[in-house]
Protein chains: 2
Amino acid sequence: MAANDGRLDEAARAGWLYYVAGNTQDQIAAKLGVSRQSAQRLVSLAVSEGLVKVRIDHPIAACLDLGRRLVERFGLALCEVVPTDPGSTSTTLGVAQAAAVEIEKRLRRPEPAIMALGTGRTLKAVVESLPRIDCPQHRVVSLTGNIAPDGSAAYYNVVFTLADHVTARSFPMPLPVIATSPEERAMLHAQAMIRPTLELAARADITFVGIGDLGPEAPLFLDGFIRRDELAALQAAGAVGEIVGWAFDRDGALIEGLTNPRVASAPIPSRARSLVVALAKGERKLPGIRAAIRGGLVNGLVTDEATARTLLS
Amino acid sequence: MAANDGRLDEAARAGWLYYVAGNTQDQIAAKLGVSRQSAQRLVSLAVSEGLVKVRIDHPIAACLDLGRRLVERFGLALCEVVPTDPGSTSTTLGVAQAAAVEIEKRLRRPEPAIMALGTGRTLKAVVESLPRIDCPQHRVVSLTGNIAPDGSAAYYNVVFTLADHVTARSFPMPLPVIATSPEERAMLHAQAMIRPTLELAARADITFVGIGDLGPEAPLFLDGFIRRDELAALQAAGAVGEIVGWAFDRDGALIEGLTNPRVASAPIPSRARSLVVALAKGERKLPGIRAAIRGGLVNGLVTDEATARTLLS
DNA sequence: TTCGCCCGTGAGCAATTACTCATACCAGCG
DNA sequence: CGCTGGTATGAGTAATTGCTCACGGGCGAA
């Protein structure tokens with residue numbers, strides 16, 4: 001660990017000399033007394049470890065405009081639109097970074113606040129691109145369980161990862177995502193460990209959630225939280241997306257019955273008194289995004305240009 | 001302007017695709033429909049226009065440690081130490097970026113605050129590396145005049161430059177830096193336009209100033225604010241540095257007489273009730289830095305590793 | 001102690017990027 | 001209408017970077 005830290009230290013230094021001071025890797029090698037290849041490795045280590053954060057500080061007119069129009073059209077309280085990379089297959093590229101900036105902005109405020117987080121690949125990517133922040137005044141609460149169907153702690157539980165970067169007090173939720181029965185759900189929620197967390201979630205000042213699609217590759221299904229027949233039933237009932245497990249139809253109304261009564265996640269915090277920001281982009285999630293903002297499940301959105309355009313058309 | 005903006009827009013997009021999305025310039029060229037060379041030009045334009053901000057998000061242990069020791073040793077309220085690039089001749093590299101981060105942090109706070117700024121090459125570089133921030137709740141006031149000896153607006157008046165990036169209310173000071181006589185100074189300060197600004201400066205919550213050396217290449221002399229004989233007189237009187245024109249000796253005590261009675265800048269705000277941060281690094285400025293912190297002219301410092309080490313030795 | 005594995009290192013090479021120069025284009029002007 | 005200065009563009013080339021592979025030293029297991 002100490003050696004590793006020393007290495008990261010060197011990597012940070014190399015990255016600094018490279019990106020900030022504008023040295024070539026040869027110069028860095030000379031200054032740090034290592035071979036050019038090692039310098040290159042240090043720089044690339046700095047990048048891959050996420051030590052190097054790049055942001056483009058220019059309001060690309062087209063994106064700004066799309067954001068404004070989305071705010072107007074759907075009555076959103078917050079909307080960020082990032083450029084689309086036409087070739088990329090990533091479902092988080094750009095959105096994650098933009099969301100991280102928003103989160104960082106809140107966490108840097110000195111007034112104590114409660115932030116609730118959902119789960120999923122997008123949130124995971126967001127948290128990974130957060131810088132280190134010291135903010136013990138804030139509390140971060142997970143909206144959803146961190147127990148995978150196989151009993152292990154789910155990879156996508158983001159509050160744990162967040163704790164690596166941020167010193168806020170964190171409240172994970174030691175629950176499955178979807179209980180086996182409504183009764184089990186009730187029992188779990190009644191636990192002494194859980195109730196304070198649920199109450200905290202209900203009082204969140206700001207919430208960031210991903211939106212899951214419910215197509216054939218629904219993350220909820222892929223990750224084993226629901227079975228194929230349950231997915232099919234949801235689809236048949238008109239479900240087009242889900243937020244922390246709560247499936248909803250094209251009007252943004254939660255599906256009655258099926259898996260929803262067993263969802264062990266906290267309810268989505270109130271849009272009336274807090275900011276609930278959805279992070280999502282891409283063709284597959286479009287029906288879900290559209291439903292969530294039309295139905296008022298969320299009042300904030302971070303998405304990309306292409307998705308924004310389609311939403312407006 | 002419109003065309004230029006469109007170009008910057010493209011540049012920002014290219015920069016985004018390059019740095020955030022990780023495309024090669026070939027790919028960017030294809031996606032933007034331009035030649036590879038043009039894509040390269042767009043990316044480099046984005047960099048040179050300062051659209052691309054890189055920060056290294058790792059507390060380099062050595063720097064942290066130096067900062068802590070400086071805080072302890074000199075009773076500072078804030079100290080940031082950045083790595084040194086052994087080969088670079090820049091007097092602002094690193095320090096400017098670190099200071100920009102500190103300033104940004106303050107400006108992002110929602111509670112209204114008053115920030116005072118000095119002048120000089122360092123401050124200029126700081127302001128240029130600030131991102132765009134919308135913060136009309138804050139007020140930014142210049143401590144010093146913006147009229148050069150030849151009557152033009154001085155290049156290094158940073159509050160104007162700041163206004164390009166930040167929407168805070170700004171209060172420049174339409175004064176020379178050093179008046180021709182103490183009487184002129186008094187008269188200038190009595191002006192109705194000036195007095196509110198001076199009062200604002202006195203109430204600043206946080207102040208950032210550069211430290212000028214008074215060696216043979218003193219910026220005050222190079223920029224024509226003082227004559228060679230005045231510089232010599234200051235040196236003879238034991239002056240080792242200046243802050244917004246106020247020359248001080250090695251104990252950090254303001255020089256009596258000479259140019260000081262004619263300095264038209266606002267007094268350095270109170271260290272007792274606010275934070276006054278000096279931004280400076282480099283051999284030449286060392287005597288000035290040492291004097292300023294030992295004499296309590298400032299209670300914060302942003303500097304580089306090499307300077308920090310020397311200060312501690 | 002010795003063997004084998006693995007991590008880090010250095011060399012060479014392919015890919016990518018940055019720079020220089022010549023050319024083309026355009027606006028303003030005679 | 002043609003000229004001229006300035007600016008953008010494309011081509012070629014040098015520099016820089018990133019990748020792969022083979023080597024070597026350290027460490028744990030037998």
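Computed from heavy atoms alone, side chains included, the values below leave out hydrogens, waters and symmetry copies.
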To the nearest Å, give me how far apart CD (E10(B)) and P (dT9(D)) are. 11 Å
side-chain contact (heavy atoms from CB on, under 4.5 Å) partners of V54(A), counting only residues at least two apart: V52(A), Y19(B), V52(B), V54(B)
So, OP1 or OP2 of dA11(C): does either fall under 4.0 Å of a side-chain N or O from S35(A)? no
K31(B) meets the side-chain hydrogen bond (donor to acceptor under 3.5 Å, both in side chains) criterion, sequence neighbours left out, with D85(A), N23(B)
Can you pull every protein N or O that's under 3.5 Å from an N or O on nucleotides 17-21 of chain C?
from    : atom 1 : to     : atom 2 : distance (Å)
dT17(C) : OP1    : Y18(B) : OH     : 3.3
dT17(C) : OP2    : Q25(B) : N      : 2.9
dA18(C) : OP2    : Q25(B) : NE2    : 2.7
dA18(C) : OP2    : Q40(B) : NE2    : 3.1
dA18(C) : N6     : R36(B) : NH2    : 3.1

Please enumerate all residues that pass side-chain hydrogen bond (donor to acceptor under 3.5 Å, both in side chains) together with R73(B), with sequence neighbours excluded. none
Results of side-chain hydrogen bond (donor to acceptor under 3.5 Å, both in side chains) for R41(B) - residues two or more places apart only: none
Residues that K281(B) engages under side-chain hydrogen bond (donor to acceptor under 3.5 Å, both in side chains), provided they are two or more places apart: none
